[in-house]
2 protein chains.
Amino acid sequence: MAGRTSSPGASVTSRALALLGAFDETHRRLSLTELAERAALPVPTAHRLVAELVDWGALSRADDGRYVVGRRVWDLGLLAPVQTGLRQLASPYLHDLYGATLATVHLAVRDELEVLYVDRLAGHASVPVVSQVGSRLPIHATGVGKVLLAHAPQDVQARVLGARLARLTAYTVTQPGSLRRQLARVLRDDYATTTEEMSLGACSVAVPVRRDQEVVAALGIVLPRLGKDRPRLVAALQVAARGIGRTLSEHPAGDAAR
Amino acid sequence: MAGRTSSPGASVTSRALALLGAFDETHRRLSLTELAERAALPVPTAHRLVAELVDWGALSRADDGRYVVGRRVWDLGLLAPVQTGLRQLASPYLHDLYGATLATVHLAVRDELEVLYVDRLAGHASVPVVSQVGSRLPIHATGVGKVLLAHAPQDVQARVLGARLARLTAYTVTQPGSLRRQLARVLRDDYATTTEEMSLGACSVAVPVRRDQEVVAALGIVLPRLGKDRPRLVAALQVAARGIGRTLSEHPAGDAAR
DNA sequence: GCGTCGGCTTCCGTTGAGTGGAAGGGTGGG
DNA sequence: CCCACCCTTCCACTCAACGGAAGCCGACGC
């Protein structure tokens with residue numbers, strides 16, 4: 001390979017992937033110099049590798065010279081099991097729920113100690129929420145998060161409860177004991193709720209989505225307040241969740257929740 | 001580099017990308033040998049490169065030893081402008097439309113001579129359609145396709161009309177003269193319709209989405225039949241389309257329709 | 001239970017793809 | 001007009017990458 005390299009042993013593939021990895025939610029458009037910095041590469045090296053990524057369609061160069069993630073990565077991302085399995089199969093159920101409630105509807109999975117939002121439906125009438133597809137939010141402060149945490153392995157629960165529970169609003173549950181009791185109730189009632197714990201003006205209800213007894217996702221909705229609609233909402237969510245679980249069982253190839 | 005190579009001059013990056021490019025809609029799970037074949041690489045070479053892609057999260061190995069597109073590509077795909085620009089900004093409008101009609105709602109852009117479905121909303125009550133997010137369908141047989149074709153550059157229209165127009169149902173418009181006249185009417189009426197031209201039992205209406213006078217996408221819905229609801233549907237679609245166009249104009253960084 | 005086959009994994013001598021500092025061009029701002 | 005920064009190109013040097021061969025492993029047929 002090269003006579004001199006700033007990072008001996010690094011492969012070409014890892015460098016190219018480092019360039020792709022330079023993009024994130026807060027860095028969607030990057031100049032060449034920014035890319036090089038974020039990927040820890042010299043500018044000429046970044047320049048060569050970026051040109052190849054652009055040729056293939058992994059990156060795209062905008063008119064202002066900056067780079068963005070290319071259409072081909074979007075296409076490829078749609079082939080990932082989280083999309084073709086869980087998200088796609090669940091979509092009609094989520095739309096049924098949305099059509100019936102016009103509330104924000106969430107489908108989420110656990111991603112280590114966080115909640116990953118796999119899908120989110122919302123119109124203009126829905127409660128504004130901070131989540132969007134691909135977001136990772138704290139697991140202790142959302143309805144779907146509490147469901148996923150309640151059904152997580154003991155070591156995951158220990159790590160979440162043993163860490164500092166971030167206070168996001170005055171109503172966030174930050175005492176481990178309180179959260180533990182809530183999780184026990186989630187297991188008993190088979191649904192979770194939040195009341196302005198993630199953001200003010202947003203309350204939520206969520207239920208587990210099971211495939212063959214295993215909780216693989218959580219389905220939830222967000223409303224300004226729960227009130228006396230709670231039993232009806234829980235019932236609607238559970239019907240949709242069972243439908244999703246059944247559909248997932250009928251499509252074994254789509255190992256959706258991993 | 002290596003003392004011997006089956007494809008001299010091919011870069012490491014291009015080989016790694018060839019492996020990613022081995023996946024498509026009909027090849028979502030591939031064995032190592034299949035990956036090597038489809039990427040035109042020797043198996044040991046594929047083995048090494050695939051291991052790196054797995055390490056980074058671009059690919060994932062399932063329990064049965066086969067590979068799928070990894071979560072990190074899904075994450076990255078969500079950063080592409082087609083997602084963060086057009087799709088995300090349009091989503092609330094699409095959900096409003098869905099909530100009002102419970103019909104299948106489509107958002108699409110032109111991708112060369114085809115329609116690319118950027119978003120699709122459907123519940124169980126909606127008409128089953130063949131499209132899904134990321135699908136490319138023929139531009140002459142769908143409502144959104146006719147809108148995009150009517151507003152396409154002359155050379156694009158010439159290439160579509162000069163090629164054989166595939167007959168998908170008995171009602172598909174396959175005569176270039178007929179399609180030309182329909183496109184003229186689309187420009188005049190500012191909406192397009194289809195009647196069981198793409199699949200039986202599915203009729204559609206679609207309107208252009210404009211950002212600063214430029215047609216950047218098409219918005220459509222699919223129903224079992226149009227009937228006397230057509231004017232109301234067109235009006236609802238146009239309101240949503242104008243809302244999307246306005247929102248796109250307010251977010252210049254998201255060059256969504258490219 | 002054994003043998004065969006196919007897929008996968010590991011090895012390693014050879015070599016050319018890849019390296020990045022230097023230099024130069026272009027653009028925007030002061 | 002000058003300066004600073006970003007981007008692009010060059011090229012001597014070298015080590016990362018190459019893939020056939022060999023071996024391992026699991027499934028399948030007899």
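Just so it is clear: chains get the letters A, B, ... in the order the sequence lines come, proteins before strands, and each one is counted from 1. Atoms considered below: every heavy atom in the structure, side chains included; atoms not considered: hydrogens, waters and symmetry mates. Being a predicted model, the structure only gives us computed values, none of them experimental.
- If you take CD of B:Glu52 and C1' of D:dC18, they are 13 Å apart, rounded to a whole angstrom.
- In this structure, the CG atom of B:Leu19 is 13 Å from the P atom of C:dC8, given to the nearest Å.
- Not a single donor-acceptor pair under 3.5 Å links the side chain of B:Gln83 to the backbone N or O of B:Gln88.
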### Query
What do the steps show when you test B:Arg15 against B:Ser7 for side-chain hydrogen bond (donor to acceptor under 3.5 Å, both in side chains), and what is the final call?
CA-CA 10 Å; B:Arg15 291 158 184 259; B:Ser7 47; 3.0 Å; yes
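- Relative to the side chain of B:Val12, the nucleotides D:dG20, D:dA17, C:dT19 differ in distance, and D:dA17 lies closest.
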Just the atom pairs and distances: protein N or O near nucleotides 21-28 of chain D's N or O, under 3.5 Å.
none

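- In this structure, B:Arg66 contributes its side chain and B:Arg29 its backbone to a donor-acceptor pair below 3.5 Å.
- Each of B:Arg4 and B:Thr13 has a nearest nucleotide on DNA chain C; the 5'-most of these lies closest to B:Arg4.
- With hydrogens and angles ignored, the 3.5 Å screen pairs a side-chain donor or acceptor of A:Arg72 with a backbone N or O of A:Trp56.
- More than 12 heavy atoms of other shown residues, nucleotides or ligands fall within 6.0 angstrom of atom CD in A:Glu25.
- The side chain to side chain contact (heavy atoms under 4.5 Å, CB included) test with B:His151 is passed by exactly one of B:Lys146, B:Arg210, B:Arg110: B:Arg210.
- As rounded to whole Å, 9 Å separates atom P of C:dA17 from atom CZ of B:Arg15.
- In this pair, B:His95 and A:His95 present their aromatic rings parallel. The plane angle is below 30°, not in the 30 to 60° band.
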Please list each protein N or O that sits under 3.5 Å from an N or O in nucleotides 5-7 of chain D, with the distance.
| residue | atom | partner | partner atom | Å |
| --- | --- | --- | --- | --- |
| D:dC7 | OP1 | A:Leu32 | N | 3.3 |
| D:dC7 | OP2 | A:Thr33 | N | 2.7 |
| D:dC7 | OP2 | A:Thr33 | OG1 | 2.4 |

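- At least one donor-acceptor pair under 3.5 Å links the side chain of B:Thr247 to the backbone N or O of B:Gly243.
- A straight line from CG of A:Leu49 to P of D:dA17 spans 11 Å, rounded to a whole angstrom.
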